[in-house]
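Comments concern the structure below.
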Amino acid sequence: MQTGAGFFGSSIGKKIVMAITGIMLIGFVVVHMIGNLQLYLPAHDGVYALDTYGEFLRTLLHGSGIWIARASLLAAAGLHVWAAVGLTLMNRAARPIGYQQQQYDASTFGSRWMRVSGVVVLAFIIFHLLHLTIGNILPGFEHGKVFHNVVTGFQVPWVSAFYIIAMVALSTHIHHGIWSMLQTLGLSHPRYNGLRNGLATLLTIVVIGGNISFPIAVLTGFVR
Amino acid sequence: MSSEKNLNLKLNVWRQKNAQSEGGFETYEAPGISTEMSFLEMLDVVNEDLITKGADPIAFDHDCREGICGACSMVIDGRPHGPKERTTACQLHMRSFNDGDTIAIEPWRAAAFPVQRDLIVDRAAFDRIIAAGGFISAPTGSAQDANSLPVSKQNADLAMDAAACIGCGACVAACPNASAMLFVSAKVSQLALLPQGQPERYIRVRDMVAQMDAEEFGTCTNHGECEAACPKGISVENIARMNRDYLKASLTYRPEATGGGAG
Ligand code: HEM
Ligand code: FES
């Protein structure tokens, strides 16, 4: 007998979509953070390392590289949000009447706020693209002048503040997300279960630490 | 040695006439409750009093009263089966409470577990999940020699741990998403770990998960509340095993052949 709606219609199927797209997004976030560390490199002959890096990304594979990356990320983000919405609707419907009292013993802030942190991150992604890719949030944006755009952007306190808030949301999201994704993919064994939390914590601290350092470096005048 | 004490308690209990009616909380006094009583005995005392007064007793499910049948479903002070770890409501003793406490008692809350009356919910959804695949197909006749099917000690232990599930539904009740994945994964695992479960291993996980979804349980977001609430300590490692099997089942699934197979 095979009932139900097939893999993508099923709860576990959607969870697996969520986990695999989550890995893609986390991979992107890690590489993105490492690339941006070039904010701290000195300029060469008046050309900032970040600008050279931007040029490199835009011309990779004769300019098709960046579009391949953008298309994959858009697909991953789209599927991730699609699965999140589907699962959230199932979960809402599963408990139409709640408890008067509910005590939590195992869940965490991160696990209970996944939907909210996800929406904050989504809003941030849109803002971030408008700000630094399309360039229509702040006056004075210049295409190709990555260093200039980042620094003048972060000099605006509310831009930095929103960026930092979004990074806090992202940190709770990936901290629960990494362990959740390993569990969803069936990677559980007493021999390495301890490492799962370690990996989640390490990646979260490295990614978010790196990312938050950028606006702080600009606001304190360390990078200008 | 008697550390027995008497407690004066207040109960805040969900009362609901039948599946159709609205329901709401009612407060009851429970004076002179011995700390030696079990939680269900305390409810019996309160019910005696209600019956003498001509009121409707509080309806709750119970059967074995020794922690093995899983019938005694109720959320006590915000936790399925109450505050004590690895303990069913029937095995919970009143010494876990203090004089003057107000105790909130609610039914399991899930769309798949409709309230029938007061604290009693209909858990037939679990039975339908089992019927969808939680069994092995074995020929009748005399049992074969046990030693002809080798089972590793580790797998035997893990299968026994999974089989400790009494199907009480506390995992669903505790889960913020009302997901039944701990229950289903225990039932999938106890067979997936043993040789007898192998022939139907992958079709079983597909069918049971499909039934679980059809019953409108929620989905696991790995909060871990189920494991913390489970009176039998079923591990979420079973959920990972089920996810793994489901992924493999989806990748290797073939619709039933209409020909071939030398048949
Ligand atoms: C850079 C962006 C993002 C990354 C790196 C990321 C990463 C992850 C990962 C790894 C998971 C765990 C997968 C699993 O459930 O097993 C996850 C789950 C989830 N994500 Fe994201 N995500 C991102 C953006 C978003 C966005 C934009 C939303 C929604 C608008 C979202 C909503 C969710 C939800 C609701 C879950 C499931 C919660 C749970 O399993 O507890 N995520 N995410
Ligand atoms: S009445 Fe059987 S487990 Fe509680």
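What you are looking at is a predicted structure, and each value in this text was computed from that prediction instead of being measured.
- Chain A forms more heavy-atom pairs under 4.5 Å with one residue of B:Glu227, B:Met242, B:Glu225, B:Glu216 than with any other, namely B:Glu225.
- Closest heavy-atom contact between A:Arg95 and B:Arg109: NE-O, 2.7 Å.
- Proximity of B:Ser179 to A:Asn91: side-chain heavy atoms (C-beta onward) are nowhere separated by under 4.5 Å.
- With rounding to the nearest 0.5 angstrom, the CD atom of A:Gln102 is 13.0 Å from the CG atom of B:Asp77.
- Of all the listed residues (B:Ala174, B:Pro83, B:Gly218, B:Ala228), the one sharing the greatest number of non-hydrogen pairs under 4.5 Å with chain A is B:Gly218.
- By the 6.0 Å contact criterion, CZ on A:Arg58 is enclosed, its count of non-hydrogen atoms from other residues, nucleotides or ligands being greater than 12.
- Side-chain contact between A:Ile12 and B:Met181: present, with at least one pair of heavy atoms (C-beta onward) separated by less than 4.5 Å.
- Looking at B:Phe217 and A:Ser11, their side chains never come closer than 4.5 Å, going by heavy atoms from C-beta outward.
- Atom-to-atom distance recorded for A:Gln101:CD and B:Ile76:CD1 is 11.5 Å, nearest 0.5 angstrom.
- Both the backbone and the side chain of A:Arg112 have a heavy atom closer than 4.5 Å to some heavy atom of chain B.
- Residue A:Leu182 holds its CG atom at 11.5 Å from CG of B:Asn243, rounded to the nearest 0.5 Å.
- Annotation for A:Ala106 and B:Gly224: closest pair CB-O, 3.3 Å, computed over non-hydrogen atoms.
- Heavy atoms of B:Cys226 lying under 4.5 Å from chain A are absent altogether.
- Tested against B:Asn222, the residues A:Met181, A:Met114, A:Lys15 include a single side chain to side chain contact (heavy atoms under 4.5 Å, CB included) partner, A:Lys15.
- In terms of heavy atoms, B:Ser250 sits closest to A:Phe7 at OG-CD1, 3.3 Å.
- Remark: A:Arg92 CZ is loosely packed, at most 12 non-hydrogen atoms of other residues, nucleotides or ligands lying under 6.0 Å away.
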Working note: B:Glu85 + A:Asp105, criterion side chain to side chain contact (heavy atoms under 4.5 Å, CB included); need CA distance, chi angles, decisive distance, verdict. CA-CA 10 Å; B:Glu85 253 178 61; A:Asp105 292 318; over 6 Å; no
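- Only the side chain of A:Ile16 comes within contact range of chain B, judged by heavy atoms closer than 4.5 Å.
- Checked by atom type and distance alone, the side chain of A:Gln183 never pairs as donor or acceptor with a backbone atom of B:Ile239 at under 3.5 Å.
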Apply side chain to side chain contact (heavy atoms under 4.5 Å, CB included) to the pair A:Ser111 and B:Thr221, showing each step before the final yes or no. CA-CA 7 Å; A:Ser111 75; B:Thr221 54; over 6 Å; no
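- Heavy atoms of other residues, nucleotides or ligands lying less than 6.0 angstrom from CH2 of A:Trp113 number 12 at most.
- For chain A, no part of B:Ala214 is nearby; none of its heavy atoms comes within less than 4.5 Å.
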With side chain to side chain contact (heavy atoms under 4.5 Å, CB included) as the test, would you mind laying out the steps for B:Asp213 and A:Met90 before giving the verdict? CA-CA 9 Å; B:Asp213 289 347; A:Met90 285 169 93; 4.1 Å; yes
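- The OG atom of A:Ser10 sits 8.5 Å away from atom CZ of B:Arg206, with the distance rounded to the nearest 0.5 Å.
- Neither the backbone nor the side chain of B:Val115 comes within less than 4.5 Å of any heavy atom in chain A.
- Considering all non-hydrogen atoms of both residues, B:Glu237 and A:Ser188 come closest at CG-OG, 3.3 Å.
- Judged purely by atom type and a 3.5 angstrom limit, A:Tyr99 has no side-chain atom pairing as donor or acceptor with the backbone of B:Gly78.
- For a residue to count as touching a neighbouring chain, one of its non-hydrogen atoms must lie under 4.5 Å from one of that chain's; by this rule B:Phe25 touches chain A with the side chain only.
- For A:Phe56, the CZ atom is loosely surrounded, since the number of other residues' heavy atoms within 6.0 Å does not exceed 12.
- For chain A, the nearby part of B:Glu106 is the side chain; its heavy atoms alone come within less than 4.5 Å.
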